[in-house]
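Contents: one structure, followed by commentary.
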Amino acid sequence: MQVSQLIGSWYDSHKRSLPWRENPEPYRIWLSEIILQQTRVNQGMPYYTRFTERFPTLRELADASLDAVLLAWEGLGYYNRAHNLHRAAQTIRDEHQGIFPSDYSSIRALPGIGDYTAAAIASLAFNLPYAAVDGNVYRVLSRILGIPDPVDTSSGKKTFQNAANSLLDRQLPGRHNQAMIELGALVCLPKNPQCSSCPVQHCCWAFKEGITRELPTKNKKSRIRNRYFHYLAIWQDHNLYIKQRNAKDIWPMLYELPLIETPHPAELETLMLSREWQTLFHGTKVTLLNTSRSYLHKLSHQHIHARFYKIKVEPDYTLEEYRAVPADEFNRYAFPKLILSYFNTMKQ
DNA sequence: AAGACGTGGCG
DNA sequence: TCGCCAAGTCT
């Protein structure tokens, strides 16, 4: 029996029942694939439910505001996925008559859809013969076939794509791709793979050699940048001033508080002498109510060291470019987790 | 083409 | 604890 047949029939009897597998239609398959990019099933599940409830159809997603989409995405991270999801929905509405495109190159051309996601949608939704290669598949292929190439280089990626292409079950590409991924997610785990439950243990190179732990290989080690955020929680009566971030940098178009960033740690006294402080307050009377603890918010490539200063300003003052919002309306805006965790401590 | 982009779970 | 990583894409 072929490797792909063994994995395919293993999949038939071991696959999880997941909401997007219940009633497979292109919109829901696409939505699930975007949510699951770099995201665990357990983390993405509630977001999939939320999206299908708030935006039951592709049309409703396309017609929604970006703010509404970001609010539904709040807390899931990699927020450009939400931007691209929204843009792709509008592209399908405007250029594909609202019908999800059914050929690979049209799917691949949509924003937020790369090689993996295009192959996944093409095979799962339209049964087209494209091999989807994600992190799970890298693991499965590198171990079964003993491929030592690093998975985070362009040449390594080509090697794995070629291996996946030649292994693809062209009769049932959708099942094949899901089976490869499911095997990586349930059995061929990064640490402690469950080789005793593996349908292809007998023909696995890494198992035979006893080096499953060494595969797959990677080259890069990421460097961490430190950033120092000083958030000003400026209260005026019962309103807090908030502002939307710009589209570049982290948390694109999410909301936050007035921010002063410094390249190094800084005390409030220093901030009060800064140009940003002058721009915000230009000499108006401010009262410091309290200073939060220091927060360390770890992102994949940077550590955000944050502190929140609760400040009161007088009623006659207005902060241009910011929006004064009462606490019971915070949930109308999408905030990064860092801001949300500060809000949570305020409720006490 | 190397680096940026979130968050949470795990050993 | 803390580094690693989880169904990648974009620039």
Side-chain angles (χ1 to χ4, degrees), chain A residues 11 15-16 18-21 29-48 70 73-85 87-88 107-121 123-124 131-140 150-158 160-161 164 174 177-186 188-193 213 216-225 227 245-254 256 295-304 334-341:
Chain A
Y11 174 72
K15 64 179 170 191
R16 294 167 288 181
L18 299 170
W20 45 88
R21 286 178 179 165
I29 290 171
W30 166 56
L31 177 61
S32 70
E33 289 300 337
I34 302 300
I35 287 175
L36 292 174
Q37 287 171 2
Q38 298 287 281
T39 304
R40 289 183 175 80
V41 166
N42 284 337
Q43 192 187 357
M45 194 91 81
Y47 288 86
Y48 176 83
L70 286 174
W73 200 271
E74 179 185 60
L76 191 53
Y78 286 132
Y79 295 93
N80 276 322
R81 289 184 294 171
H83 290 246
N84 289 330
L85 192 73
R87 264 187 268 156
I107 296 170
R108 177 65 178 80
L110 293 168
I113 297 186
D115 290 341
Y116 162 74
T117 305
I121 296 172
S123 63
L124 302 196
V133 184
D134 72 343
N136 290 303
V137 178
Y138 285 137
R139 214 160 45 242
V140 170
V151 297
D152 57 352
T153 65
S154 51
S155 74
K157 287 187 171 80
K158 280 178 194 164
F160 282 95
Q161 185 69 59
N177 283 331
Q178 296 197 77
M180 295 288 287
I181 292 167
E182 196 81 336
L183 186 67
L186 298 181
C188 198
L189 305 173
K191 300 164 190 170
N192 306 319
R213 220 181 33 179
T217 66
K218 287 186 183 177
N219 268 350
K220 303 189 185 91
K221 26 206 168 274
S222 73
R223 292 196 180 78
I224 302 295
R225 174 168 66 124
R227 301 174 74 176
R245 288 180 65 86
N246 61 36
K248 298 179 177 178
D249 204 352
I250 54 172
W251 306 324
M253 303 302 275
L254 270 68
E256 66 175 356
Y295 290 75
L296 175 57
H297 192 77
K298 295 180 176 181
L299 286 66
S300 37
H301 286 77
Q302 46 187 289
H303 286 357
I304 309 286
F335 293 99
K337 279 286 188 178
L338 172 60
I339 306 286
L340 290 174
S341 64

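For the numbers below, each heavy atom of this structure counts, side chains included, while hydrogens, waters and symmetry mates do not. Order of the sequence lines sets the chain letters (A, B, ...), proteins ahead of strands, with each chain counted from 1.
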Under 4.0 Å: is that the gap between some side-chain N or O of A:Arg139 and OP1 or OP2 of C:dC5? no
For A:Asn219 and B:dA2, what is the distance between atoms CG and P respectively, to the nearest whole Å? 9 Å
I'd like to check the side chain to side chain contact (heavy atoms under 4.5 Å, CB included) partners of A:Arg16; sequence neighbours left out, ordered by chain and number. A:Leu18, A:Arg21, A:Val41, A:Glu182, A:Ala185, A:Leu186
To the nearest 0.5 angstrom, please state how far the CZ atom of A:Arg81 sits from the CG atom of A:Leu70. 12.0 Å
Base, sugar-phosphate, or nothing for A:Asn42, non-hydrogen atoms under 4.0 angstrom? nothing
Atom CD1 of A:Ile34 to atom P of C:dT9: distance rounded to whole Å? 7 Å
Between NZ of A:Lys157 and P of C:dC10 the distance, given in whole Å, is 13 Å
With sequence neighbours left out, the residues meeting side chain to side chain contact (heavy atoms under 4.5 Å, CB included) with A:Arg87 are A:His83, A:Asn84, A:Pro111
Both A:Gly112 and A:Trp20 contact DNA chain C. Taking the nearest nucleotide for each, which residue is further toward the 5' end? A:Trp20
P spacing across the pair B:dG3 / C:dC4, given as an integer number of angstrom: 16 Å
Give the rounded distance in Å between these two atoms: OH of A:Tyr116 and P of C:dA6. 14 Å
Using a heavy-atom cut-off of under 4.0 Å over every strand shown, decide if A:Thr153 touches base, sugar-phosphate, or nothing. nothing
For nucleotides 4-11 of chain B, give me one character per nucleotide, 5' to 3': B if any protein heavy atom sits under 4.0 Å from the base, S if the only such contacts are to the sugar-phosphate, - if neither. BBBBB---
Close side-chain approach of A:Ile250 and A:Tyr79, heavy atoms under 4.5 Å: no
Euclidean distance for P, C:dT9 against B:dG8 (whole angstrom): 22 Å
When A:Asn84 and A:Val41 are each assigned the nearest nucleotide of DNA chain C, the 5'-most assignment goes to A:Val41
Let me know the distance between CH2 of A:Trp73 and P of C:dT9, rounded to the nearest Å. 12 Å
If I take atom CH2 in residue A:Trp30 and atom C1' in nucleotide C:dG8, what distance separates them, rounded to the nearest angstrom? 16 Å
Regarding A:Ile304, tell me which of base, sugar-phosphate or nothing describes its non-hydrogen contacts under 4.0 Å with the strands shown. nothing
Side-chain donor or acceptor of A:Tyr47 paired with backbone N/O of A:Glu74 under 3.5 Å: yes
Would you say A:Ser32's side chain and A:Ile29's backbone share a donor-acceptor pair under 3.5 angstrom? yes
NA contact type, A:Arg16, heavy-atom cut-off 4.0 Å: base, sugar-phosphate, or nothing? base
A:Asn177-A:Ser123 side chain donor-acceptor pair, cut-off 3.5 Å: yes
